[in-house]
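Here is the structure we will look at, set down as structure tokens.
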Amino acid sequence: MLELMSRHPRSVGETYGQHLMAAWSIAGALLAASFACLIHGLAPFTFETTASRAIRRLHSHISQRSTSKSRPVAADVTA
């Protein structure tokens with residue numbers, strides 16, 4: 001089971017904990033952008049560029065992470 005939980009994080013050069021925090025950070029940003037879209041749908045004058053800016057920022061962040069995390073790290077023993 002430990003191998004299943006750590007295989008992907010290790011493949012992107014992160015420990016399980018690092019990957020968990022990165023994924024939750026991205027999820028939080030997506031939730032905020034989704035909320036902005038919902039409000040924008042009801043009141044089009046609000047959050048006019050919030051979601052698109054968030055998507056561009058997340059794309060840049062994820063792209064940079066994938067290129068900078070090219071080498072594996074040691075297994076996370078705290079998991």
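Keep in mind it's a predicted model, so treat the numbers as computed, not measured. Atom set for the values below is all heavy atoms of this structure, side chains included, hydrogens, waters and symmetry mates excluded.
From Ile26, atom CD1 reaches atom CD1 of Ile62 across 4.0 Å, with rounding to the nearest 0.5 Å. Taking CG of Leu20 as the reference point, atom CE of Met5 lies at 8.5 Å (rounded to 0.5 Å). For the atom pair OG of Ser25 and NE2 of His61, the computed distance is 5.5 Å after rounding to the nearest 0.5 Å.
When all heavy atoms of Gly13 and Gln18 are compared, the closest pair comes out as O-OE1, 4.4 Å.
Judged purely by atom type and a 3.5 angstrom limit, Ser63 has no side-chain atom pairing as donor or acceptor with the backbone of Ser60.
In this structure the side chain of Met21 never reaches within 4.5 angstrom of the side chain of Glu14, judged on heavy atoms.
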Using atom types as modelled, flag every donor-acceptor pair under 3.5 Å from a side chain in residues 32-48 to any protein atom, sequence neighbours excluded.
{"residue": "Ser34", "atom": "OG", "partner": "Leu30", "partner atom": "O", "Å": "2.9"}
{"residue": "His40", "atom": "ND1", "partner": "Pro44", "partner atom": "O", "Å": "3.2"}
{"residue": "His40", "atom": "ND1", "partner": "Thr46", "partner atom": "O", "Å": "2.7"}
{"residue": "Thr46", "atom": "OG1", "partner": "Ala43", "partner atom": "O", "Å": "2.7"}

